[in-house]
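The structure appears right after this line, and notes come after that.
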Amino acid sequence: MTVSRMREWTEEQTCLFQESLLNWYQTEQRLLPWRENTDPYRVWVSEIMLQQTQVATVIPYFLRFMEWFPSIQALAEAPEDRLLKAWEGLGYYSRVRNMQTAAKQIMTDYGGKMPKRPEDISALKGIGPYTAGAIASICFHLPEPAVDGNVMRIYSRLFSICDDIAQAKTRKIFEGKVRQTISPTQPGDFNQALMDLGATVCTPTSPKCDICPLAAYCSAHHAGRMTDYPVKTKKPKPVPVYYLAQVIQNSRGEFLLEQRNSQGVLSGMWTFPLREVTKAAYRCYLDGWRSYQQSKEAPTLFDLVAEDDGETQANAFLEELAVFGSQAVWQKQPVGEVTHIFSHLKWFILLASGFERAGSELTLKENQRWVAPEDFAAFVFPKPQQKMVALLYKNNILKSVSDS
DNA sequence: AAGTCGGGGGA
DNA sequence: TCCCCAGACTT
(Lines give C-alpha, C1' and ligand atoms only; values in the text may rest on other atoms or scores of the structure.)
Protein backbone atom coordinates (compact mmCIF):
# COMPACT_ATOMS: atom_id res chain seq x y z
CA MET A 1 0.00 0.00 0.00
CA THR A 2 1.21 3.43 -0.82
CA VAL A 3 -1.74 4.97 0.91
CA SER A 4 0.11 5.45 4.14
CA ARG A 5 2.59 7.94 2.81
CA MET A 6 -0.07 10.23 1.44
CA ARG A 7 -0.99 13.18 3.61
CA GLU A 8 -4.27 13.57 1.78
CA TRP A 9 -6.22 10.55 0.66
CA THR A 10 -8.17 10.16 -2.55
CA GLU A 11 -11.86 9.50 -2.33
CA GLU A 12 -11.28 5.86 -3.10
CA GLN A 13 -8.64 5.48 -0.42
CA THR A 14 -10.93 7.12 2.08
CA CYS A 15 -13.66 4.64 1.23
CA LEU A 16 -11.31 1.70 1.68
CA PHE A 17 -10.19 3.08 5.00
CA GLN A 18 -13.79 3.41 6.21
CA GLU A 19 -14.57 -0.10 5.02
CA SER A 20 -11.62 -1.57 6.87
CA LEU A 21 -12.57 0.14 10.08
CA LEU A 22 -16.27 -0.68 9.84
CA ASN A 23 -15.62 -4.32 8.95
CA TRP A 24 -13.33 -4.65 11.92
CA TYR A 25 -15.97 -3.08 14.15
CA GLN A 26 -18.62 -5.45 12.92
CA THR A 27 -16.75 -8.47 14.22
CA GLU A 28 -14.67 -7.02 17.05
CA GLN A 29 -16.93 -4.49 18.72
CA ARG A 30 -17.43 -4.77 22.44
CA LEU A 31 -20.89 -5.74 23.60
CA LEU A 32 -21.88 -2.97 25.96
CA PRO A 33 -25.19 -2.27 27.70
CA TRP A 34 -25.60 1.13 26.09
CA ARG A 35 -25.17 -0.37 22.65
CA GLU A 36 -28.35 -2.47 22.84
CA ASN A 37 -30.09 0.31 20.97
CA THR A 38 -29.45 3.93 19.98
CA ASP A 39 -31.90 5.54 22.36
CA PRO A 40 -30.49 9.07 22.81
CA TYR A 41 -31.06 9.02 26.57
CA ARG A 42 -29.05 5.84 27.05
CA VAL A 43 -26.30 7.03 24.74
CA TRP A 44 -26.21 10.38 26.50
CA VAL A 45 -25.96 8.88 29.99
CA SER A 46 -23.25 6.46 28.89
CA GLU A 47 -21.19 9.17 27.22
CA ILE A 48 -21.33 11.38 30.30
CA MET A 49 -20.34 8.50 32.56
CA LEU A 50 -17.51 7.53 30.24
CA GLN A 51 -15.90 10.95 30.41
CA GLN A 52 -12.51 10.34 32.02
CA THR A 53 -13.80 7.00 33.29
CA GLN A 54 -13.06 3.51 32.05
CA VAL A 55 -15.64 1.20 30.53
CA ALA A 56 -15.37 -1.52 33.16
CA THR A 57 -16.05 1.00 35.91
CA VAL A 58 -19.03 2.50 34.14
CA ILE A 59 -21.06 -0.64 33.35
CA PRO A 60 -22.59 -1.29 36.81
CA TYR A 61 -23.23 2.41 37.33
CA PHE A 62 -24.95 2.62 33.98
CA LEU A 63 -27.26 -0.32 34.64
CA ARG A 64 -28.30 0.99 38.04
CA PHE A 65 -28.78 4.52 36.70
CA MET A 66 -31.13 3.24 34.02
CA GLU A 67 -33.14 1.40 36.65
CA TRP A 68 -33.40 4.37 38.95
CA PHE A 69 -33.92 6.98 36.26
CA PRO A 70 -35.34 5.21 33.20
CA SER A 71 -36.21 8.34 31.23
CA ILE A 72 -35.22 11.93 30.69
CA GLN A 73 -38.31 12.91 32.66
CA ALA A 74 -37.32 10.67 35.57
CA LEU A 75 -33.88 12.25 35.56
CA ALA A 76 -35.33 15.75 35.46
CA GLU A 77 -37.58 15.03 38.44
CA ALA A 78 -35.09 13.08 40.54
CA PRO A 79 -34.18 14.35 44.00
CA GLU A 80 -30.60 15.54 44.12
CA ASP A 81 -29.50 13.24 46.93
CA ARG A 82 -30.75 10.24 44.99
CA LEU A 83 -28.86 11.48 41.95
CA LEU A 84 -25.63 11.88 43.88
CA LYS A 85 -26.12 8.46 45.42
CA ALA A 86 -26.32 6.99 41.93
CA TRP A 87 -23.04 8.73 41.09
CA GLU A 88 -21.25 7.95 44.33
CA GLY A 89 -17.72 6.76 43.57
CA LEU A 90 -17.69 7.84 39.93
CA GLY A 91 -16.12 11.22 40.61
CA TYR A 92 -16.57 14.50 38.76
CA TYR A 93 -19.91 14.99 40.46
CA SER A 94 -20.75 18.13 38.51
CA ARG A 95 -21.34 15.78 35.58
CA VAL A 96 -24.55 14.44 37.09
CA ARG A 97 -25.75 17.84 38.26
CA ASN A 98 -25.21 19.23 34.78
CA MET A 99 -27.02 16.26 33.33
CA GLN A 100 -30.10 16.96 35.41
CA THR A 101 -29.99 20.62 34.40
CA ALA A 102 -29.90 19.48 30.78
CA ALA A 103 -32.75 17.03 31.38
CA LYS A 104 -34.88 19.91 32.65
CA GLN A 105 -33.86 21.94 29.60
CA ILE A 106 -34.97 19.10 27.36
CA MET A 107 -38.31 18.78 29.19
CA THR A 108 -39.15 22.46 28.81
CA ASP A 109 -37.57 23.28 25.45
CA TYR A 110 -37.89 20.05 23.47
CA GLY A 111 -40.90 18.26 24.91
CA GLY A 112 -38.76 15.69 26.69
CA LYS A 113 -36.95 14.44 23.59
CA MET A 114 -33.27 14.93 22.83
CA PRO A 115 -32.92 17.59 20.11
CA LYS A 116 -31.40 16.46 16.82
CA ARG A 117 -29.51 19.53 15.65
CA PRO A 118 -25.85 19.36 16.77
CA GLU A 119 -25.87 22.99 17.86
CA ASP A 120 -28.91 22.33 20.05
CA ILE A 121 -27.32 19.23 21.54
CA SER A 122 -24.09 20.97 22.40
CA ALA A 123 -26.00 23.87 23.95
CA LEU A 124 -27.17 21.52 26.69
CA LYS A 125 -25.43 21.79 30.04
CA GLY A 126 -22.50 19.39 30.36
CA ILE A 127 -22.47 18.42 26.69
CA GLY A 128 -19.30 19.58 25.00
CA PRO A 129 -17.93 19.03 21.49
CA TYR A 130 -17.09 15.38 22.04
CA THR A 131 -20.39 14.27 23.57
CA ALA A 132 -22.44 16.31 21.11
CA GLY A 133 -20.66 14.62 18.22
CA ALA A 134 -21.15 11.20 19.75
CA ILE A 135 -24.90 11.67 20.24
CA ALA A 136 -25.40 13.28 16.83
CA SER A 137 -23.57 10.52 15.00
CA ILE A 138 -24.75 7.49 16.99
CA CYS A 139 -28.38 8.49 17.50
CA PHE A 140 -29.13 10.68 14.51
CA HIS A 141 -26.65 9.40 11.90
CA LEU A 142 -25.07 12.77 11.31
CA PRO A 143 -21.43 12.81 10.10
CA GLU A 144 -20.17 14.71 13.13
CA PRO A 145 -16.71 14.13 14.61
CA ALA A 146 -16.45 12.99 18.23
CA VAL A 147 -12.87 13.76 19.09
CA ASP A 148 -11.54 12.51 22.40
CA GLY A 149 -8.16 11.32 23.57
CA ASN A 150 -8.51 8.05 21.70
CA VAL A 151 -9.34 9.68 18.38
CA MET A 152 -6.47 12.12 18.69
CA ARG A 153 -4.12 9.24 19.39
CA ILE A 154 -5.35 7.22 16.40
CA TYR A 155 -5.39 10.12 13.96
CA SER A 156 -2.07 11.54 15.09
CA ARG A 157 -0.58 8.14 14.20
CA LEU A 158 -2.55 7.74 10.98
CA PHE A 159 -1.30 11.05 9.60
CA SER A 160 1.82 11.66 11.71
CA ILE A 161 0.27 14.79 13.12
CA CYS A 162 2.73 16.54 15.42
CA ASP A 163 0.46 19.15 16.91
CA ASP A 164 0.50 19.11 20.69
CA ILE A 165 -2.69 17.48 21.92
CA ALA A 166 -2.22 19.14 25.30
CA GLN A 167 -3.24 22.39 23.63
CA ALA A 168 -6.97 23.03 23.45
CA LYS A 169 -6.87 24.42 19.94
CA THR A 170 -5.41 21.18 18.56
CA ARG A 171 -8.76 19.41 18.89
CA LYS A 172 -10.07 21.44 15.93
CA ILE A 173 -7.31 20.09 13.71
CA PHE A 174 -8.40 16.55 14.48
CA GLU A 175 -12.06 17.40 14.03
CA GLY A 176 -11.23 18.65 10.57
CA LYS A 177 -9.38 15.45 9.77
CA VAL A 178 -12.27 13.31 11.01
CA ARG A 179 -14.75 15.31 8.94
CA GLN A 180 -12.65 14.50 5.89
CA THR A 181 -12.63 10.80 6.60
CA ILE A 182 -15.78 9.90 8.53
CA SER A 183 -18.17 7.42 6.93
CA PRO A 184 -21.12 9.41 5.57
CA THR A 185 -23.40 6.40 5.70
CA GLN A 186 -22.46 4.96 9.12
CA PRO A 187 -21.01 7.84 11.13
CA GLY A 188 -22.15 6.40 14.46
CA ASP A 189 -20.48 3.06 13.90
CA PHE A 190 -17.42 4.84 12.55
CA ASN A 191 -17.01 6.92 15.70
CA GLN A 192 -17.67 3.98 17.98
CA ALA A 193 -15.21 1.90 16.01
CA LEU A 194 -12.55 4.51 16.70
CA MET A 195 -13.38 4.36 20.40
CA ASP A 196 -13.02 0.58 20.49
CA LEU A 197 -9.88 0.64 18.39
CA GLY A 198 -8.31 3.20 20.69
CA ALA A 199 -9.25 1.20 23.76
CA THR A 200 -8.15 -2.23 22.55
CA VAL A 201 -5.68 -1.90 19.66
CA CYS A 202 -4.25 1.57 19.17
CA THR A 203 -3.35 1.89 22.84
CA PRO A 204 -1.04 4.56 24.27
CA THR A 205 2.08 2.55 25.10
CA SER A 206 2.15 -0.64 23.07
CA PRO A 207 -0.20 -0.49 20.10
CA LYS A 208 -1.04 -3.84 18.53
CA CYS A 209 -0.28 -2.87 14.96
CA ASP A 210 -0.10 -6.52 13.88
CA ILE A 211 -3.84 -6.90 14.38
CA CYS A 212 -4.83 -3.33 13.50
CA PRO A 213 -7.25 -2.97 10.58
CA LEU A 214 -5.78 0.46 9.84
CA ALA A 215 -2.11 -0.50 9.79
CA ALA A 216 -1.98 -0.28 6.00
CA TYR A 217 -3.18 3.32 6.17
CA CYS A 218 -1.05 4.37 9.12
CA SER A 219 1.81 6.77 8.51
CA ALA A 220 3.35 6.26 11.95
CA HIS A 221 3.23 2.49 11.63
CA HIS A 222 4.92 2.69 8.25
CA ALA A 223 7.70 4.74 9.76
CA GLY A 224 7.91 2.53 12.84
CA ARG A 225 7.24 5.62 14.95
CA MET A 226 3.95 4.63 16.58
CA THR A 227 4.97 5.57 20.07
CA ASP A 228 6.17 9.01 18.99
CA TYR A 229 2.51 9.90 18.67
CA PRO A 230 0.51 11.62 19.89
CA VAL A 231 2.78 14.54 20.73
CA LYS A 232 1.87 15.77 24.16
CA THR A 233 3.87 18.28 26.13
CA LYS A 234 3.81 17.69 29.82
CA LYS A 235 4.25 20.75 31.91
CA PRO A 236 6.79 20.30 34.70
CA LYS A 237 5.24 19.89 38.09
CA PRO A 238 5.62 23.00 40.25
CA VAL A 239 8.46 22.64 42.74
CA PRO A 240 7.20 22.82 46.32
CA VAL A 241 8.64 25.54 48.56
CA TYR A 242 7.78 25.82 52.25
CA TYR A 243 7.49 28.99 54.31
CA LEU A 244 6.60 30.21 57.73
CA ALA A 245 4.81 33.56 57.67
CA GLN A 246 5.36 35.85 60.65
CA VAL A 247 2.17 37.79 61.21
CA ILE A 248 3.13 40.25 63.94
CA GLN A 249 1.02 43.09 65.35
CA ASN A 250 2.31 45.94 67.44
CA SER A 251 0.39 47.75 70.18
CA ARG A 252 -1.08 50.18 67.65
CA GLY A 253 -2.61 47.31 65.71
CA GLU A 254 -0.18 47.68 62.84
CA PHE A 255 1.24 44.65 61.02
CA LEU A 256 4.81 44.01 60.07
CA LEU A 257 5.29 43.91 56.31
CA GLU A 258 8.45 43.16 54.43
CA GLN A 259 9.48 44.11 50.93
CA ARG A 260 10.88 41.27 48.87
CA ASN A 261 14.21 41.87 47.21
CA SER A 262 14.58 42.95 43.63
CA GLN A 263 15.51 39.48 42.41
CA GLY A 264 13.32 36.48 41.74
CA VAL A 265 9.65 35.78 42.28
CA LEU A 266 7.42 38.71 43.29
CA SER A 267 10.41 41.02 43.31
CA GLY A 268 9.84 44.26 45.18
CA MET A 269 6.40 43.30 46.43
CA TRP A 270 5.26 43.48 50.05
CA THR A 271 4.18 40.50 52.15
CA PHE A 272 4.24 39.39 55.75
CA PRO A 273 7.81 38.28 56.49
CA LEU A 274 8.25 34.85 54.89
CA ARG A 275 10.98 32.49 56.01
CA GLU A 276 11.74 29.43 53.97
CA VAL A 277 11.97 26.14 55.84
CA THR A 278 12.66 22.64 54.66
CA LYS A 279 9.88 20.28 53.82
CA ALA A 280 10.79 18.13 56.81
CA ALA A 281 10.59 21.11 59.14
CA TYR A 282 7.30 22.21 57.70
CA ARG A 283 5.82 18.78 58.18
CA CYS A 284 7.23 18.68 61.66
CA TYR A 285 5.46 21.91 62.59
CA LEU A 286 2.17 20.79 61.09
CA ASP A 287 2.29 17.42 62.82
CA GLY A 288 3.53 18.92 66.05
CA TRP A 289 0.67 21.32 66.15
CA ARG A 290 -1.90 18.71 65.41
CA SER A 291 -0.65 16.32 68.05
CA TYR A 292 -0.49 19.07 70.65
CA GLN A 293 -3.83 20.59 69.76
CA GLN A 294 -5.71 18.44 72.26
CA SER A 295 -3.51 19.31 75.23
CA LYS A 296 -3.61 22.59 77.08
CA GLU A 297 0.12 22.99 76.84
CA ALA A 298 0.10 23.57 73.13
CA PRO A 299 3.41 24.98 71.94
CA THR A 300 3.69 27.97 69.71
CA LEU A 301 5.01 27.45 66.26
CA PHE A 302 8.25 28.99 67.33
CA ASP A 303 8.57 26.65 70.27
CA LEU A 304 8.49 23.87 67.75
CA VAL A 305 11.06 25.56 65.61
CA ALA A 306 13.29 25.87 68.65
CA GLU A 307 12.84 22.16 69.37
CA ASP A 308 13.96 21.39 65.87
CA ASP A 309 17.20 19.47 65.75
CA GLY A 310 18.75 22.10 63.55
CA GLU A 311 19.51 19.73 60.74
CA THR A 312 16.21 20.55 59.16
CA GLN A 313 16.59 24.22 59.83
CA ALA A 314 18.73 26.95 58.35
CA ASN A 315 21.06 28.56 60.88
CA ALA A 316 20.30 32.08 59.76
CA PHE A 317 16.67 31.46 60.47
CA LEU A 318 17.42 30.14 63.94
CA GLU A 319 19.42 33.25 64.78
CA GLU A 320 16.65 35.50 63.58
CA LEU A 321 14.20 33.43 65.50
CA ALA A 322 16.01 34.01 68.72
CA VAL A 323 15.47 37.73 68.31
CA PHE A 324 11.85 37.37 67.35
CA GLY A 325 11.29 34.89 70.09
CA SER A 326 12.33 37.38 72.70
CA GLN A 327 10.65 40.41 71.20
CA ALA A 328 7.35 38.89 70.17
CA VAL A 329 4.69 36.87 71.94
CA TRP A 330 3.42 34.13 69.73
CA GLN A 331 -0.03 32.67 69.73
CA LYS A 332 -0.33 29.04 70.67
CA GLN A 333 -2.53 28.16 67.75
CA PRO A 334 -1.60 28.43 64.11
CA VAL A 335 -3.61 30.78 61.95
CA GLY A 336 -3.66 28.22 59.19
CA GLU A 337 -2.10 27.28 55.92
CA VAL A 338 -2.10 29.00 52.55
CA THR A 339 -0.97 27.51 49.29
CA HIS A 340 -0.33 29.19 45.99
CA ILE A 341 0.79 27.74 42.67
CA PHE A 342 2.99 29.73 40.33
CA SER A 343 3.89 28.37 36.91
CA HIS A 344 7.01 26.69 38.26
CA LEU A 345 6.62 26.88 42.06
CA LYS A 346 4.10 25.80 44.64
CA TRP A 347 4.24 27.72 47.89
CA PHE A 348 3.12 26.22 51.18
CA ILE A 349 2.81 28.92 53.82
CA LEU A 350 2.14 28.24 57.47
CA LEU A 351 0.96 31.36 59.28
CA ALA A 352 2.05 32.14 62.83
CA SER A 353 0.43 35.11 64.53
CA GLY A 354 2.03 37.08 67.38
CA PHE A 355 2.29 40.41 69.12
CA GLU A 356 5.20 42.70 69.76
CA ARG A 357 6.29 42.16 73.35
CA ALA A 358 5.26 45.02 75.61
CA GLY A 359 8.12 47.33 76.42
CA SER A 360 10.54 45.96 73.86
CA GLU A 361 10.43 47.54 70.47
CA LEU A 362 11.05 45.19 67.59
CA THR A 363 14.13 46.14 65.62
CA LEU A 364 13.00 46.49 62.04
CA LYS A 365 15.19 45.65 59.11
CA GLU A 366 15.75 47.97 56.17
CA ASN A 367 13.01 46.39 54.14
CA GLN A 368 10.42 46.10 56.93
CA ARG A 369 7.67 48.48 57.95
CA TRP A 370 4.69 48.67 60.30
CA VAL A 371 1.50 49.12 58.32
CA ALA A 372 -2.03 49.68 59.60
CA PRO A 373 -4.65 47.38 58.00
CA GLU A 374 -6.46 50.45 56.70
CA ASP A 375 -3.38 51.19 54.63
CA PHE A 376 -3.17 47.74 53.05
CA ALA A 377 -5.19 49.10 50.17
CA ALA A 378 -2.27 51.35 49.23
CA PHE A 379 -0.17 48.25 48.51
CA VAL A 380 -0.39 46.03 45.47
CA PHE A 381 -0.36 42.72 47.27
CA PRO A 382 0.68 39.59 45.36
CA LYS A 383 -1.78 36.71 45.39
CA PRO A 384 -0.21 34.75 48.27
CA GLN A 385 -0.33 37.87 50.46
CA GLN A 386 -3.98 38.39 49.49
CA LYS A 387 -4.73 34.83 50.53
CA MET A 388 -2.95 35.33 53.84
CA VAL A 389 -4.89 38.52 54.53
CA ALA A 390 -8.14 36.75 53.65
CA LEU A 391 -7.28 34.01 56.11
CA LEU A 392 -6.67 36.59 58.84
CA TYR A 393 -10.11 38.08 58.24
CA LYS A 394 -11.64 34.63 58.34
CA ASN A 395 -10.03 33.97 61.70
CA ASN A 396 -10.95 37.40 63.04
CA ILE A 397 -7.36 38.38 63.53
CA LEU A 398 -8.24 41.17 61.15
CA LYS A 399 -11.69 42.67 61.61
CA SER A 400 -13.62 44.07 58.70
CA VAL A 401 -15.13 47.54 59.12
CA SER A 402 -18.68 46.28 58.87
CA ASP A 403 -18.10 43.96 61.82
CA SER A 404 -16.90 46.67 64.17
C1' DA B 1 -5.08 29.22 27.95
C1' DA B 2 -4.91 27.40 32.42
C1' DG B 3 -7.06 25.48 36.59
C1' DT B 4 -10.38 22.42 38.49
C1' DC B 5 -12.99 18.44 39.23
C1' DG B 6 -12.30 12.08 41.31
C1' DG B 7 -11.33 7.76 41.06
C1' DG B 8 -9.35 3.47 39.15
C1' DG B 9 -5.96 0.98 36.42
C1' DG B 10 -1.54 0.10 34.31
C1' DA B 11 3.47 0.81 33.43
C1' DT C 1 4.75 7.52 41.39
C1' DC C 2 3.15 9.09 37.34
C1' DC C 3 0.25 8.94 33.39
C1' DC C 4 -4.00 7.86 31.20
C1' DC C 5 -8.91 7.35 30.62
C1' DA C 6 -15.45 8.05 25.67
C1' DG C 7 -14.14 16.02 28.84
C1' DA C 8 -16.44 20.12 30.21
C1' DC C 9 -16.84 24.21 32.89
C1' DT C 10 -15.00 28.31 35.06
C1' DT C 11 -11.87 32.05 35.44
Side-chain angles (χ1 to χ4, degrees), chain A residues 25 29-30 32-35 38 40 42-62 65 84 86-102 105 121-139 144-156 163-172 174-175 178 187-208 227 229-238 240 339-346 383 386-387:
Chain A
Y25 183 65
Q29 68 173 284
R30 295 172 290 179
L32 301 169
W34 47 89
R35 285 180 176 169
T38 58
R42 294 170 63 88
V43 172
W44 174 32
V45 171
S46 70
E47 292 298 343
I48 298 297
M49 284 188 173
L50 286 161
Q51 286 171 12
Q52 304 293 283
T53 311
Q54 298 193 333
V55 166
T57 308
V58 164
I59 290 176
Y61 282 94
F62 176 81
F65 199 92
L84 288 172
W87 213 263
E88 189 177 47
L90 265 185
Y92 286 107
Y93 296 93
S94 65
R95 288 187 293 179
V96 72
R97 290 203 178 90
N98 289 339
M99 201 159 54
Q100 185 175 48
T101 302
Q105 281 179 265
I121 299 173
S122 61
L124 295 169
K125 191 80 173 171
I127 297 187
Y130 165 77
T131 307
I135 294 174
S137 63
I138 296 170
C139 306
E144 292 290 316
V147 173
D148 66 346
N150 279 330
V151 172
M152 289 196 282
R153 184 169 61 252
I154 295 169
Y155 270 69
S156 67
D163 299 77
D164 180 8
I165 67 166
Q167 304 238 334
K169 61 182 180 184
T170 302
R171 198 195 71 248
K172 292 186 185 300
F174 287 94
E175 283 177 348
V178 172
D189 284 345
F190 182 92
N191 282 335
Q192 293 183 90
L194 289 177
M195 298 168 194
D196 279 18
L197 193 73
T200 62
V201 177
C202 196
T203 52
T205 50
S206 48
K208 303 175 179 66
T227 51
Y229 300 93
V231 174
K232 183 175 186 177
T233 61
K234 54 169 182 278
K235 45 179 176 276
K237 198 175 153 189
T339 65
H340 184 73
I341 300 176
F342 298 90
S343 58
H344 57 302
L345 296 172
K346 179 169 184 179
K383 200 70 182 176
Q386 291 176 21
K387 289 180 180 175

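A, B, ... follow the sequence lines: proteins, then strands. Residue 1 opens every chain.
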Base partner of dG6(B), which must satisfy Watson-Crick or wobble distances under 3.5 Å: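 Paired with dG6(B), as far as the under-3.5 Å criterion goes, is no nucleotide at all.
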Tell me the interatomic distance from [X], atom [atom1], to [N], atom [atom2], rounded to whole angstroms.
| X | N | atom1 | atom2 | answer |
| --- | --- | --- | --- | --- |
| Gln51(A) | dT4(B) | CD | P | 20 Å |
| Gln52(A) | dG7(C) | CD | P | 5 Å |
| Gln54(A) | dA6(C) | CD | C1' | 11 Å |
| Arg153(A) | dC4(C) | CZ | C1' | 9 Å |
| Lys387(A) | dG3(B) | NZ | C1' | 11 Å |
| Asn150(A) | dC3(C) | CG | P | 19 Å |
| Leu124(A) | dG7(C) | CG | C1' | 16 Å |
| Lys346(A) | dG3(B) | NZ | P | 12 Å |

Do any side-chain nitrogens or oxygens of Lys232(A) fall under 4.0 Å of OP1 or OP2 in dC3(C)?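 No.
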Can you check whether Ser46(A) has a side-chain N or O nearer than 4.0 Å to OP1 or OP2 of dA6(C)?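 Answer no for this pair, as no side-chain N or O of Ser46(A) is under 4.0 Å from OP1 or OP2.
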Given DNA chain C, 5'-ward residue of the pair Gly126(A) and Leu32(A), judged by closest heavy atom: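 Between the two, 5'-proximity favours Leu32(A).
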With a 3.5 Å cut-off and just heavy-atom distances, do the side chain of [X] and the base of [N] make a donor-acceptor pair?
| X | N | result |
| --- | --- | --- |
| Thr53(A) | dG6(B) | yes |
| Tyr130(A) | dG7(C) | no |
| Arg97(A) | dA8(C) | no |

Toward the 5' end of DNA chain B, which comes first, Ser206(A) or Lys169(A), by nearest nucleotide?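 Counting from the 5' end, the first nearest nucleotide belongs to Lys169(A).
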Assign each of Ala166(A) and Tyr93(A) to its nearest nucleotide of DNA chain B by heavy atoms, then name whichever residue's nucleotide is nearer the 5' end.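 Closer to the 5' end of DNA chain B: Ala166(A).
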[M] and [N], which share atom name [atom1], separated by this distance in whole Å:
| N | M | atom1 | result |
| --- | --- | --- | --- |
| dG10(B) | dA6(C) | P | 14 Å |
| dC5(C) | dA1(B) | C1' | 22 Å |
| dG6(B) | dT10(C) | P | 14 Å |

What contact category does [X] fall into here, base, sugar-phosphate, or nothing, at under 4.0 angstrom with non-hydrogen atoms?
| X | value |
| --- | --- |
| Ile48(A) | nothing |
| Val55(A) | base |
| Gly198(A) | nothing |
| Trp34(A) | base |

Name the closest nucleotide to the Lys125(A) side chain, picking from dA6(C), dC9(C), dC5(C).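 Ranking dA6(C), dC9(C), dC5(C) by closest atom to the Lys125(A) side chain puts dC9(C) first.
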Side chains of His340(A) and Lys346(A), donor plus acceptor under 3.5 Å: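 Side-chain D/A pair, His340(A) to Lys346(A): absent.
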Side-chain donor-acceptor pair present, Asp164(A), Thr233(A), cut-off under 3.5 Å: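 Yes - a donor-acceptor pair under 3.5 Å links their side chains.
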Between Phe174(A) and Arg153(A), is any pair of side-chain heavy atoms under 4.5 Å apart?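 Not touching, per the 4.5 Å side-chain cut-off.
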Val45(A) vs Met49(A), test: side-chain contact (heavy atoms from CB on, under 4.5 Å). Steps then yes/no. CA-CA 6 Å; Val45(A) 171; Met49(A) 284 188 173; 4.0 Å; yes
Trp87(A) (side chain) donor-acceptor with Gly91(A) (main chain) under 3.5 angstrom: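 A pair under 3.5 Å: yes.
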To the closest 0.5 Å, what do you measure between CD (Gln29(A)) and CE (Met195(A))?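 One gets 12.5 Å once the value is rounded to the nearest 0.5 Å.
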